[in-house]
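For reference, the structure discussed in these notes is given below.
All figures in this text were calculated on a predicted structure; none of them were measured in a lab.
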Amino acid sequence: MAITVGALREVAAGERRVAITPEIARKLRGKDVRVLLERGAGAAAGFPDATYVDVEFADASQVLAQADLLACVLPPADEALGQLREGAVVVGQLRPHGAAARIVALGKRRLTAFALELLPRTTRAQAMDVLSSQAAVAGYRAMLIAAEACPKFFPMLTTAAGTIRPSRVLVIGAGVAGLQAIATARRLGAQIEGYDVRPETREQVESLGAKFLDLGVSAAGSGGYARELSEDERRAQQQALAEHFKVVDVIVSTAAVPGRPAPKILTAAMVEGMKPGALIVDLAAESGGNCELTRPGERVDHSGVTILGPLNLPAGAPLHASEMYARNVFNFVELLLRDGALEPDFEDELVARTCLTQDGEPRFPGQAA
């Protein structure tokens, strides 16, 4: 008997993405998987029910009662987890860090849950890497927000009223989000610089046509992330950045470490030293922000400088974000399927390291963090 893969309409405030798109529904059907969606699950992302072919629709309670595997964008509510059939599988962004209450809810129904944020950063995992795909969307949208909020034009313009000089834009953090932000600023015509404490990112920044800001502080870490700076390194970094900030029009800050508060890079004193009309878009707002003045989801005006702390940027481009996310989910789900049945191979590193709970038992060591 074919297994059933289900997805619900996301209920988090402002969330418009969907975990299964029409494209992925077709691919699942090609593997003899039954696809069952809540009515209107993809509508907010630009995928009305009519765009899904050979897919069944039902109320949320029916989806939960029948799904062998539930795909989600953000963690379902504990009440929804309680309605899943015992022993079902949940795949999605489950926010595993500090998820003790969610672990309990998963355990009550003996659910096996895979948190895609825990995927190791390996070549084989790239096609499943939801952090990277959604960070690319966030970086793109962050720079568009910056261009709209900046009181200056981004590109140089030659007009009858004179020549307008381009804006100077600095992107802090050269991960996926930062590199996408750099590429977008470049397309918009800004004078763009990128900064990262990992020296290996210089080539990537420069390949996008940006200048790499070298402050002489190197803090390469493991897993593609930077290590924590020592006090001396942090002091040297902040002193050099504070001086450079005085000539920058726009800062887009993207530095974040999964499961930990975002590193504080921009102090109030550094902001006060920036030119009037300058703008900061803090992409790390959801994890506390890179600027100590950031307020998640709010606009702050401080000493003539505007600080924006946007939240859940991928949800603002839901169609393409959903397409990328759903492909990630499908590529991971393929690892769990064998001869039409759900049989996760826990000898597979990608399966084992992504597992949050197995038959309700916690598998993630940081679940109580």
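- Glu10 places a side-chain N or O within 3.5 Å of a backbone atom of Val73 that can act as its donor or acceptor partner.
- Note on Leu208 and Val169: same hydrophobic cluster, where clusters join Ile, Leu, Val, Met, Phe, Trp and Tyr whose side-chain heavy atoms are under 4.5 Å apart, directly or indirectly.
- By the 4.0 Å N-to-carboxylate-O rule, Arg17 lies close enough to Glu15 to be salt-bridged with it.
- Here the side chain of Asp196 pairs a donor or acceptor atom with the backbone of Arg198 at under 3.5 angstrom.
- Checking side-chain atoms of Lys152 against main-chain N and O of Ile164 turns up no donor-acceptor pair under 3.5 Å.
- A distance-only check finds a donor-acceptor pair linking the side chain of Arg102 to the backbone of Arg95 [under 3.5 Å].
- At a threshold of 4.0 Å, the pair Arg124-Asp348 counts as salt-bridged, since one of the basic side-chain nitrogens sits closer than that to a carboxylate oxygen.
- Residues Glu203 and Phe212 form no side-chain contact, since every pair of their non-hydrogen atoms from C-beta on lies 4.5 Å or further apart.
- Ring pair Phe346/Phe114 is parallel by interplanar angle, where below 30° counts as parallel and above 60° as perpendicular.
- Classification of Glu243 and Lys246 as a salt-bridged pair holds, one side-chain N sitting under 4.0 Å from a carboxylate O.
- At a threshold of 4.0 Å, the pair Glu38-Arg9 counts as salt-bridged, since one of the basic side-chain nitrogens sits closer than that to a carboxylate oxygen.
- Counting non-hydrogen atoms of neighbouring residues, nucleotides and ligands closer than 6.0 angstrom, the CZ atom of Arg186 reaches no more than 12 such neighbours.
- Between Asp129 and Arg121, at least one side-chain nitrogen of the basic residue sits less than 4.0 Å from a carboxylate oxygen of the acidic one, meeting the salt-bridge criterion.
- A donor-acceptor pair under 3.5 Å links the side-chain atoms of Thr112 to the main chain of Asp359, judged by distance alone.
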